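Taking it in order: structure first as structure tokens, then the write-up.
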Amino acid sequence: QVQLVESGGGLVQPGGSLRLSCVASGRIFSIDVMGWYRQAPGKQRELVATITSGHSTNYADSVKGRFTISRDNAKNTVYLQMNSLKPEDTAVYYCNADVQPTEMSTTRYRYWGQGTQVTVSS
């Protein structure tokens, strides 16, 4: 009912930059929190950054000062600007959204994208 479509991943050299985008579509009345998570080989999925509908943000310590999360509520889109990339940032990046499907809904549902590969390597 809700689809999250990601773009912007790829291969980049250490110190480079990438900008990820994720667009939510489908049965959406409103979206509360949107976020980015990542999972590296042999590691658990970890939070990268989140942003509320009011644009309050939280970041993992490992990316603070290098990554910036933002959103466009009118477009149901969340972005992740990644600067000063390091090899340890290599992972599959997943976006998510907590969605209220209709005005009558009393529950919000969390949806996940399929993930996009980010590889930082020389």
Side-chain angles (χ1 to χ4, degrees):
Q1 293 178 297
V2 173
Q3 298 79 43
L4 303 182
V5 180
E6 303 169 344
S7 62
L11 175 64
V12 65
Q13 293 185 342
S17 297
L18 286 173
R19 192 188 195 207
L20 307 182
S21 300
C22 177
V23 181
S25 62
R27 196 183 188 198
I28 300 170
F29 177 73
S30 65
I31 302 177
D32 185 15
V33 178
M34 303 184 80
W36 290 94
Y37 293 72
R38 67 186 182 187
Q39 188 166 24
K43 302 289 186 180
Q44 297 184 80
R45 185 176 298 188
E46 65 176 352
L47 181 146
V48 177
T50 61
I51 184 168
T52 70
S53 60
H55 303 280
S56 296
T57 59
N58 283 287
Y59 296 92
D61 288 341
S62 59
V63 307
K64 195 172 297 182
R66 300 188 297 120
F67 292 10
T68 302
I69 189 170
S70 61
R71 66 189 284 173
D72 185 332
N73 290 336
K75 297 180 179 179
N76 290 331
T77 300
V78 62
Y79 307 93
L80 186 68
Q81 177 67 46
M82 304 185 293
N83 298 327
S84 302
L85 283 161
K86 305 174 181 179
E88 48 263 48
D89 295 318
T90 296
V92 177
Y93 283 70
Y94 300 89
C95 66
N96 68 19
D98 293 332
V99 176
Q100 181 184 0
T102 73
E103 191 174 20
M104 295 292 101
S105 298
T106 59
T107 304
R108 290 174 293 184
Y109 302 90
R110 173 163 287 188
Y111 291 90
W112 293 87
Q114 293 299 305
T116 184
Q117 179 70 48
V118 172
T119 302
V120 185
S121 176
S122 299

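Residue numbers run from 1 in the order of the sequence given. Because the structure is a prediction, the values reported are computed rather than measured.
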Are Tyr111 and Val78 in one and the same hydrophobic cluster, where Ile, Leu, Val, Met, Phe, Trp and Tyr link if side-chain heavy atoms are under 4.5 Å apart?
yes
What's the spacing between Ser121 OG and Gln13 CD if we round to 0.5 Å?
8.5 Å
Less than 4.5 Å apart, side chain to side chain, heavy atoms only: is that true for Met82 and Tyr93?
yes
Which residues, ordered by chain and number, are linked to Val23 in its hydrophobic cluster, where ILVMFWY side chains connect at heavy-atom gaps below 4.5 Å, directly or through other members?
none
Short N-O contact, Asp98 and Arg108, less than 4.0 angstrom:
no
Within 45° of the axis and under 6.0 Å from the centre of the six-membered ring of Tyr79, does NZ or CZ of Arg71 qualify?
no
Would you check, one step at a time, whether the test side-chain contact (heavy atoms from CB on, under 4.5 Å) holds for Trp36 with Glu6?
CA-CA 11 Å; Trp36 290 94; Glu6 303 169 344; 4.2 Å; yes
Ignoring hydrogens and angles, state whether a donor on the side chain of Ser105 or Gln100 is under 3.5 Å from an acceptor on the partner side chain.
no
Interatomic distance, CD@Gln44 vs CD@Gln39, rounded to 0.5 Å, equals 8.5 Å
Answer yes or no: is there a donor N or O on one side and an acceptor on the other, between the side chain of Tyr59 and the main chain of Ile69, under 3.5 Å?
yes
Under a 3.5 Å distance rule, please check whether Ser84 uses its side chain to pair with a backbone N or O of Gly15 as donor and acceptor.
no
Who are the side chain to side chain contact (heavy atoms under 4.5 Å, CB included) partners of Asn83, not counting sequence neighbours?
Ser17, Gln81
If you measure from CD1 on Ile51 to CG on Asp32, what distance do you get to the nearest 0.5 Å?
11.5 Å
For Arg27 and Val99, which heavy atoms make the closest approach, and how far apart are they?
O-CG1, 3.8 Å
Phe67 vs Leu18 side-chain heavy atoms within contact, under 4.5 Å
no
Partners of Lys64 by salt bridge (charged side-chain N to carboxylate O under 4.0 Å, His left out), sequence neighbours excluded?
Asp61
Surrounding CD of Gln114 (heavy atoms of other residues, nucleotides or ligands, distance under 6.0 Å), is the total greater than 12?
no
Test of understanding: with side chain to side chain contact (heavy atoms under 4.5 Å, CB included), list the residues that count as partners of Ala24, not counting sequence neighbours.
Leu4, Ile28, Ile31, Asn76
Side-chain heavy-atom pair Ser53, Ser30 within 4.5 angstrom cut-off:
no
Does anything in residues 113-122 form a salt bridge (charged side-chain N to carboxylate O under 4.0 Å, His left out)? List the pairs, not counting sequence neighbours.
none
Stepwise side-chain contact (heavy atoms from CB on, under 4.5 Å) check, Gln117 with Leu11
CA-CA 8 Å; Gln117 179 70 48; Leu11 175 64; over 6 Å; no
Which other residues end up in the same hydrophobic cluster as Tyr94, if Ile, Leu, Val, Met, Phe, Trp and Tyr are linked when side-chain heavy atoms come under 4.5 Å apart?
Tyr37, Leu47, Val92, Trp112
Measuring from His55:NE2 to Ser70:OG, what's the distance to the nearest 0.5 Å?
9.0 Å
Can you spot which of Leu80, Val118, Asp89 makes a side chain to side chain contact (heavy atoms under 4.5 Å, CB included) with Arg38?
Asp89
